[in-house]
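In each ligand, atom 1 is the first atom listed, and ligand 1 is the first ligand listed. Hydrogens, waters and symmetry mates are skipped; everything else that's a heavy atom, side chains included, is used. As the structure is a prediction and not an experimental result, all values here were calculated from the model.
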Amino acid sequence: MRGKTQRDTTERLSTIFPHHVIPPERLSPRERSPHRDQSLCQPRLLPGLVPLRQAHAADRTKTYPKSGFITACGEWVLFEDASTGDHGWRLAPRVAAVAPTTLTDGAPATDGTIIFPATWINFLALKNLIQEHDSASTIFPSAAGNLGRGTLGIGARFTTLHWPAVEWAMSALNLGLTANQNSIPRELVYDVDAMLDGTLDTVPFPFIGANVPEGHQGQSVEGMSHGCVLSKLKNGFHHRRIAWSFNADHQPIGGKFDTREDALVRGCLLASYITFDLSPELAAGTRAKLADIDAALVAKVRARVAAAGLTLDEAAFTALIEQVWPSMAKMKRRDEKYAAARAAAFTTDAGRAYLRELSIDELPGLTTAETTAVMLALCEALGMKIHFVAPAFGFQKNMPYPDNAALRVLIEKQWTVCRAFDASIGFHSGSGKSAENYQVMGAVTGSRLEIKTSGRYTYEMGRALFASKNAADQALWRDWYRFTVELALLGAFSTDATERKMARSFITDALAKTNSPSDEAVVFATPAAARSAIEALAPSPEHMFWFEYNFLHVLAAEGRAVKSALGDHTVAGYRQRARFYAISEEGRLGFAKNIAAYILFLAENTGLAPASVVATAKARLEATTSLADFHAAISL
Ligand SMILES: [Zn+2]
């Protein structure tokens, strides 16, 4: 039982910095010690507002010189208490009337400036002040520019280690991207208090035959929202005036998520791009009766589908509408909540705008053109502009599509529909396709697409550690590899048929690709035989079993390869996660360069950036040999 005092502390902490909150009693002495570079990602004790002021008064703060921006009341910079990693805003007022109450908890400093803690509440207020002064500001994520037509979705694995790489690529290409993206609540903690109370739900992972707690990446959605903006300011990215977006990916609609949709809406307040995932309601199997749906709306949908050139027989049309109507009605209700939350928090159109994606690739089978058309027509009739729609093309994560001609035919069918509705195509499970696959996607859609990538960047971390000469990086890599070996062996002899089949296929793929004996009957004859086969392999981030299990290591309690340790939101999980944030400068540079290189590859092949621009950026990236130079190139 948590006592009142503890609860108060927790609440206070979560107001201050929602992404670091772990109650102090859960932290080890090592984690209590400050770490400036990791300040946004390391759970640790927050000393609160008073010490921040004391640090400022005693000149113990570090100011980020590139972070400057202007609002009607004056000039702002971001600073950090060098001893604790806490952040604050310093305002040099331009007009006499500016009071410390511009934001919350302000205090006048002796030099005539006013300082404010970088709290969540101040962050929201600042967004509005900035956009009221300059609606085209690119400090916060937005829906501006080409973001609603063509983009790359970059899943933000490893947050502060990751964002600068995306900033670098956007700067080098002069191209706005979906620079912050994660599925909520699947990957991100949607509510820190629910995490602290131990009431997070679990997500089934059939391939490991177990459920893992939600938020397996170990950061909160508010923390991601806050951190990605601070990263832009520290690196001066905002001076380039390149609009970027934040995608709250796969927002679950209906089913068991009905009860917490208000919490999801609250958490995703700063997302400028919402992906609606109807699968929870569809999986619940609810059905409407055609007679109960507004007849005028149905007529409108029927006419619109016909106008888009598709003929649906009446029985098929009715069956489809009756199947999807309950989820569409819930999507509409949720959409109104996202809009209302933004209208309540922000006063400008720029601050309230958000993009919409409709994800239908979770439905079984390949999506037919008719289904896409009906879904888009329904959204249109309900007044929800869809910027991206994600049909199922039968993609496997991290696997090239084997037949480019067949892929072209599939995409052309969908594109004919999308064009009629002025929507772009979202390619989910978009990582790891071939250059030719991306070229087909770009050519057919005229680059009106989004490639969603996420797991790829955990792989890039593995590659960076594997290549690093730093001893601690190597130790982390070895532990990480060992973890996946143990999970694979565990799975290969599981009593769960799906888990066993998947684990064996991952192992045999690695064996076959390294020309090792891979006959399943021999390899899996006994657990000992399987172990000796897998242990004969030279460790490599290219092995499929490493790729498939790797993300689970990040928040595994003490890095242990047992199912009960996965997605651990106690200090044991966060201590494990902290290892990644403590990698060497060489490891960080390698990780950042890998991400940037992958973004350049995607931008070139999808046609989002001209080949000549990509070639220049590639040469610059290859010539970058220090992390400081990498960060310096982000700003003008
Ligand atoms: Zn999807």
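- Checked against the Zn ion (ligand 1), the N, O or S atom of Glu362 at the shortest distance is OE2.
- Among the atoms of Ser359, an N, O or S atom falls under 2.8 Å of the Zn ion (ligand 1).
- At distances below 3.5 Å, not a single donor-acceptor pair connects side-chain atoms of Ser272 with backbone N or O atoms of Tyr354.
- Between OD1 of Asp361 and ND1 of His428, the angle at the Zn ion (ligand 1) works out to 100°, rounded to 10 degrees.
- Below 30°, between 30° and 60°, or above 60°: for Tyr574 and His569 the angle between ring planes is between 30° and 60°, a tilted geometry.
- If you look at His216 and Phe551, their ring centroids are closer than 6.0 Å.
- Residues Phe601 and Tyr438 bring their aromatic ring centres within 6.0 Å.
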